[in-house]
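One structure below.
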Amino acid sequence: MSSGRPEPDQPLYTISVAAELAGISARTLRLYERHGLLTPQRTEGGTRRYSDNDIARLRRVAELVASGVNLAGIRHVLDLQDENTRLRGSQPAEGE
DNA sequence: TTTCTTACA
DNA sequence: TGTAAGTA
């Protein structure tokens, strides 16, 4: 079931669709990237490619922003979260 | 048409 | 944060 699930390619979205999925304006998406909150892949044309993983991070950013955390602090939180997930392997994050 | 960057309010 | 201009 969940073990060995080959996901060859994750759905990539353009900035406008990612903005809608995350509920954030494309303008803000670029701002977050500027602060190093996330790093979407880039096309040869230079267009950003947001993956499903990036969308989840965008939502995390929105939550922190709503909590009163500034972009500099969010970058630190995301960095720690990413490292935690890596050390734990792939534990299902419990959302409360 | 959409995306990109930069700049201003 | 939103919008403008000029570009690819």
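A note on names: the letters A, B, ... follow the listed sequences, proteins ahead of strands, and every chain is numbered from 1. Here the structure is a predicted model, which means the values were calculated and not measured.
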| query | Between residues 62-77 of chain A and DNA chain B, which residues have a heavy-atom gap below 4.0 Å? | reply | none
| message | Quick check for you: to the nearest 0.5 Å, what is the distance between A:Y50 atom OH and A:E33 atom CD? | response | 5.5 Å
| message | If we count only N and O atoms by modelled type, under 3.5 Å, do the side chains of A:T85 and A:D82 hold a donor and an acceptor together? | response | no
| Neighbour count above 12 (heavy atom, 6.0 Å) for A:Q41 CD | no
| field | Crowding at CZ, A:R75 (>12 non-hydrogen neighbours, <6.0 Å) | value | no
| request: Mind listing the closest non-hydrogen atom pair of A:P40 and A:D54 along with its distance? | output: CA-OD2, 4.0 Å
| message | Both distances below 3.5 Å, Watson-Crick or wobble geometry, any strand: find the nucleotide opposite B:dT1. | response | none
| request: Please state whether the phosphate of C:dG2, meaning OP1 or OP2, lies under 4.0 angstrom from any side-chain nitrogen or oxygen of A:S25. | output: yes
| said: Can you measure A:R27 atom CZ to B:dT2 atom P for me and round it to whole angstrom units? | reply: 18 Å
| message | Would you say NE2 of A:H76 has more than 12 non-hydrogen atoms from neighbouring residues, nucleotides or ligands within 6.0 angstrom? | response | no
| said: When both hydrogen-bonding distances must be under 3.5 Å and the geometry is Watson-Crick or G-U wobble, what is C:dT7 paired with, if anything? | reply: none
| query | Are there more than 12 heavy atoms of other residues, nucleotides or ligands under 6.0 Å from atom CZ of A:R42? | reply | yes
| Which is true for A:R30 with a 4.0 Å heavy-atom rule: it touches a base, it touches only sugar-phosphate, or it touches nothing? | base
| Counting side-chain heavy atoms from CB outward, which of B:dT3, B:dT5, C:dT3 is closest to A:R48? | B:dT5
| Could you give the CZ-to-C1' distance, from A:R34 to B:dC4, as a whole number of Å? | 12 Å
| query | What residues in residues 12-21 of chain A put a non-hydrogen atom under 4.0 Å from any atom of DNA chain B? | reply | A:T14, A:I15, A:S16
| said: Just to be sure I understand the rule, does A:R42 reach a base, reach only the sugar-phosphate, or reach nothing, if contact means heavy atoms closer than 4.0 Å? | reply: sugar-phosphate
| task | Run through A:L37, A:L58, A:L38 and flag the one making a side chain to side chain contact (heavy atoms under 4.5 Å, CB included) with A:L29. | result | A:L58
| said: Mind checking if A:G45 touches a base, just sugar-phosphate, or nothing, with heavy atoms under 4.0 Å? | reply: nothing
| Are the side chains of A:V65 and A:V69 in touch, meaning some heavy atoms are under 4.5 Å apart? | no
| In whole angstrom, what separates A:R49's CZ from B:dT3's P? | 10 Å
